[in-house]
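Written out below as structure tokens is the structure these notes cover.
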Amino acid sequence: MQLLSKLLIVALMASAMFAKTYEIKFSHVVSPNTPKGKAADFFAKRAEELTNGQVKVKVFPNSQLYTDAAVMKAMKFNNVQMAAPSFSKFTSLVRELQLFDLPFLFRDVDHLHNVMDGEVGQILKDKVTAKGYVALDYWDNGFKHFSTNGEQLIKPSDAEGQKFRIMSSRVLEEQFKAVGAIPQVLPFSEVYSALQQGVVDGGENPLSNFYTKKFYEVQTSLTLSEHGYLGYLVVASDRFWNKLPDDIRKKVRQAMTEATEYERKLAAELESDFLKKVKEYSEKSGKLKIYKLSADEKKVWNKAMSEIYPKFYDSIGKDLIEKAINTK
Ligand code: LMR
């Protein structure tokens, strides 16, 4: 009996030693101390825990491994297994995902979540799946705000002639053109130096990116406009995902579900913290003016920018836009 239990222990140890391991490289472009960065690290920890170390996740933040433009291709070749690009980065793959870029589409966070987690979100995930990726979960960042070194944006005409960095999205391009501004596509990793060197005057960012990438150091004004939304779709390489044994895949999925819950909570919690920090900087340095648009001022921007919707009835789909608007 004793011999039998010893043999059993040896066999168990051997199987643990020789259990196949799977490596996931998770690439993203933001700081580790953002909601996305923290959730990627959380996912790494939980995936390893739940699989008793059979899955090892290595997170590469700050565009260390790939820019968002390159990551989708790298994932196709299984050179990287997971990423969480913002919606605009899917433009060339699934143009319908530009829906999320439409200015003033979401009434509030609840509306946004109901769109993401409902029929519209599923339709969009299916389109990403059809392109050979595994569409996992939607992650939050936050509503975007304008910043610039030019005239502070209070009314739409203030944007005239100013150059704004945008992500690669035709919606964002048209949004800025609608107010007479000049959009310029740049990767996230180049935004700080582009602002510093005057390649562009300004940009649009959620507070977490504005703060953690220190864009406040190279901008003279921030307008709290909440004119659009920036969020993410977590995707995996299907070559990698579909080869995982069922039990391992289930545990990795579980780790992702937990990470998503954590990420969304964190995004909501950190928002006010980032604002506080940006305000502190503004007061201490005297170098950044902050202005919050009133509800009436927002309406003026909304009117000027929402005129672009019909231009996207073909590419995004009038139906899908209406479905999103009509989501409770
Ligand atoms: C950007 O390029 O501005 C964002 O997509 C960065 C990010 O991942 O939040």
Side-chain angles (χ1 to χ4, degrees), residues 26-41 43 59-72 74-75 80 82-94 97-103 112 116 128 136-148 163-173 175-176 183-196 199-216 218-219 222 225-235 259-260 263-264 266-268 270-271 274 278:
F26 191 130
S27 170
H28 69 81
V29 301
V30 292
S31 294
N33 57 340
T34 54
K36 175 161 71 174
K38 285 185 183 221
D41 293 343
F43 165 73
V59 180
F60 296 86
N62 288 324
S63 315
Q64 265 169 22
L65 200 58
Y66 292 106
T67 61
D68 277 332
V71 81
M72 297 306 286
M75 217 179 306
V80 60
M82 288 178 80
S86 60
F87 303 125
S88 322
K89 311 285 171 71
F90 288 86
T91 300
S92 58
L93 194 76
V94 176
L97 262 163
Q98 290 177 103
L99 172 94
F100 287 105
D101 290 336
L102 286 169
L112 165 82
M116 279 176 167
V128 174
L136 293 167
D137 285 352
Y138 290 108
W139 283 5
D140 280 340
N141 188 327
F143 285 93
K144 292 179 290 185
H145 308 284
F146 299 119
S147 65
T148 180
K163 237 185 195 177
F164 288 90
R165 177 266 171 172
I166 56 163
M167 298 178 276
S168 60
S169 153
R170 274 204 45 237
V171 169
L172 300 180
E173 205 178 307
Q175 167 200 273
F176 276 110
Q184 179 161 341
V185 176
L186 284 173
F188 190 60
S189 53
E190 288 174 27
V191 177
Y192 186 96
S193 61
L195 292 171
Q196 190 176 38
V199 174
V200 289
D201 301 299
E204 48 163 12
N205 287 283
L207 286 163
S208 86
N209 288 352
F210 189 76
Y211 180 73
T212 57
K213 283 292 174 193
K214 297 190 163 69
F215 295 155
Y216 55 83
V218 285
Q219 293 281 260
L222 171 70
S225 50
E226 297 181 318
H227 61 279
Y229 182 75
L230 190 150
Y232 310 107
L233 178 59
V234 187
V235 276
T260 299
E263 203 273 348
R264 290 198 184 178
L266 205 61
L270 290 183
E271 180 88 6
F274 288 128
V278 173

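What you see below is based on every heavy atom in this structure, not just the backbone, and it leaves out hydrogens, waters and symmetry mates. Numbering of ligands and ligand atoms starts at 1, following listing order.
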*Answer whether the closest heavy-atom distance between the side chains of Y138 and R264 falls below 4.5 Å.*
yes
Write out each pair where an N or O from ligand 1 and one from the protein are under 3.5 Å apart, with the distance.
unit_1, atom_1, unit_2, atom_2, d
ligand 1, 2 (O), K89, NZ, 2.8
ligand 1, 2 (O), R165, NH2, 2.9
ligand 1, 3 (O), R165, NH1, 2.7
ligand 1, 5 (O), S86, OG, 2.7
ligand 1, 5 (O), K89, NZ, 2.9
ligand 1, 8 (O), K36, NZ, 2.7
ligand 1, 9 (O), N209, ND2, 2.9
ligand 1, 9 (O), Y232, OH, 2.4

*asked:* Test of understanding: with side chain to side chain contact (heavy atoms under 4.5 Å, CB included), list the residues that count as partners of K38, not counting sequence neighbours.
replied: N33, Y262, L266
_Strictly distance-based, threshold 3.5 Å: is any side-chain N or O of K36 a donor or acceptor partner for the main-chain N or O of A84?_
yes
_Looking only at side-chain N and O atoms, does N141 offer a donor or acceptor that is under 3.5 Å from a partner on T34?_
no
_For M72 versus P85, what's the shortest heavy-atom pair and its separation?_
SD-CG, 3.9 Å
*Q219 side-chain N/O to T148 backbone N/O, donor-acceptor pair under 3.5 Å*: yes
